[in-house]
Amino acid sequence: MRVEDTQPPHAERPIRALPGSAAVEIIDQRWLPHELRLVQLQDVNSVTTAIGDMWVRGAPLIGATAAFGIALQARHDASDAALAAATAQLQQARPTAVNLAWALRRMARVWRPLPPAARAAATWAEAQAIAAEDLAVNAAIGRTGLPILQALAAQRAAVGSGPLQVLTHCNAGWLATVGWGTATAPIYMAHALGLKLHVWVDETRPRNQGASLTAWELGRAGVPHTVVADNAGGHLMQQRQVDLVIVGCDRVTARGDVCNKIGTYLKALAAHDNGVPFYVAMPTSTLDLSLDDGLAEIPIEERSAREVTHLTGRDAAGQLVEVQVTPDGAAAANPAFDVTPARLVTGLITERGLVAAQADALRRLQPGAAAEGPST
Ligand code: MRU
């Protein structure tokens, strides 16, 4: 099989436009891995809730879902005031992933110049275009990342045996996008092409997107993997059991600082200390050239303390139960993202090629879509 012939390893879509343009269907990810539950969203309020309460999550999927939120609003009331209010409401649903603002800006460029009567059809078409492009962008990220995996697998084969060992954090898989995933796209392609690999999946407390979502995806695709506690990564790297780390990102600044799920920074530090390559899969829609110093400037979402003090899972009878893991009344803090300084990033795997986490390289990459072609 050639890489061009590989297909996303999933028939479902995390978001799907329904015929008639009156609703979108999403996978309600709060129920995974125990249940694949589909939900229809028909208005901007339900879209805002779905983003804020993480029925959908992952930077690219947040952006695509917000775009449909604008299109759904345009069906009901396409006035300037109504669409501006919908944009403001969606914008505050989650603060960190810049794909949200990117998608809303792109939608505004479509609806603003049009008379209200033309806005519903045009915004629906644009939201569909954003979704379709995300799939193409992620396939391109896969093609950029594949040779990196193949080269590291060849290095491993030269000194010993066993599969290529990849470590990932959180879920930057197909559930976080419209399809393929970002960090997972090269993994899925390599697996489809017969490369022997194994993925260490960080559980990713507090919400466990690794344990519940990435493990679910990889398992369904037949990709060998092992879930590890978040704190295991450093040890695995010291034991030479990790050939590379690949993670996704929620916002990358002009100088290459990478904001991603809380705990990513510690993995990058451990990778640096152990000489393990640390790659970030980045669609250019996640690049925020308006910011420079990620630590000082990126807004970090603070989520409910209950995500830390409690855990949800399935009991022996198959029922979903929530249990408390901290003493009654214990204070808990829940910063949802952290910033990995550019100096710890080996490279950014983008739809336009492998890019250094450096200002000059990133300035040449304007945020945009795959259709715009490679930057020169
Ligand atoms: O809080 P989440 O689940 O939305 O966080 C997701 C991540 O941090 C992902 O790594 C990131 O959004 C990239 S998804 C391709």
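Order of appearance sets the numbers: ligands from 1, and atoms from 1 within every ligand. Quick caveat: nothing in here was measured; it's all calculated off a predicted structure.
With Asn171 as the partner, the side chain to side chain donor-acceptor pair (under 3.5 Å) test is satisfied by one option alone out of Arg57, Lys261, Gln29, Arg207: Arg57.
Inspection of the Asp288 and Ser290 side chains reveals an N or O donor paired with an N or O acceptor under 3.5 Å. For the 3.5 Å distance criterion, the side chains of Thr286 and Asn99 qualify, holding a donor opposite an acceptor. Inspection of the Thr48 and Asn45 side chains reveals no N or O donor paired with an N or O acceptor under 3.5 Å.
Annotation for ligand 1: atoms under 4.0 Å from non-hydrogen atoms of Asp250 are 7 (C), 8 (O), 9 (C), 11 (C), 12 (O). Each of the following atoms of ligand 1 lies closer than 4.0 Å to a heavy atom of Ala59: 12 (O), 14 (S). Interface of Gln209 with ligand 1, defined as ligand atoms under 4.0 Å from a residue heavy atom, comprises 1 (O), 2 (P), 3 (O). Each of the atoms 1 (O), 2 (P), 3 (O) of ligand 1 lies under 4.0 Å from some heavy atom of Met54. Less than 4.0 angstrom separates some heavy atom of Cys170 from each of these atoms of ligand 1: 5 (O), 6 (C), 7 (C), 8 (O). For ligand 1, the atoms lying closer than 4.0 Å to a non-hydrogen atom of Lys261 are 1 (O), 2 (P), 5 (O), 8 (O). Remark: ligand 1 atoms within the under-4.0 Å shell around heavy atoms of Asn260 are 7 (C), 8 (O), 9 (C), 10 (O), 11 (C). Below 4.0 Å from some heavy atom of Pro60 lie the following atoms of ligand 1, by number and element: 14 (S), 15 (C).
Heavy-atom minimum distance, Leu146 versus Val3: CD2-CG2, 3.6 Å.
When the options Arg94, Arg303, Glu301 are ranked by their closest heavy atom to atom 2 (P) of ligand 1, first place goes to Arg94. With atom 13 (C) of ligand 1 as the reference point, the heavy atom nearest to it among Cys249, Ala185, Gly63, Gly210 is part of Cys249.
The shortest distance between side-chain heavy atoms of Trp200 and Gln241 falls below 4.5 Å. Considering only heavy atoms from C-beta on, His235 stays 4.5 Å or farther from Val228 through its side chain.
Transitive grouping of hydrophobic side chains (ILVMFWY, heavy atoms separated by less than 4.5 Å) brings Val44 and Val56 into a common cluster.
Residue contacts with ligand 1 leave out His169, since none of its heavy atoms falls under 4.0 Å from the ligand. The shortest heavy-atom distance from Asn171 to ligand 1 is under 4.0 Å. Ligand 1 has no atom lying under 4.0 Å from any heavy atom of Ala336.
Atom CZ of Arg37 sits about 8.0 Å away from atom CZ of Arg30, to the nearest 0.5 Å.
By the 30° and 60° cut-offs, the orientation of the rings of Phe68 relative to Trp124 is perpendicular.
Atom 15 (C) of ligand 1 has its closest protein heavy atom at Thr182 OG1, 3.2 Å. For atom 14 (S) of ligand 1, the closest non-hydrogen atom on the protein side is Ala176 CB, 3.5 Å.
Where the criterion is an N or O separation shorter than 3.5 Å, residue side chain and backbone included, Gly58 meets it with respect to ligand 1.
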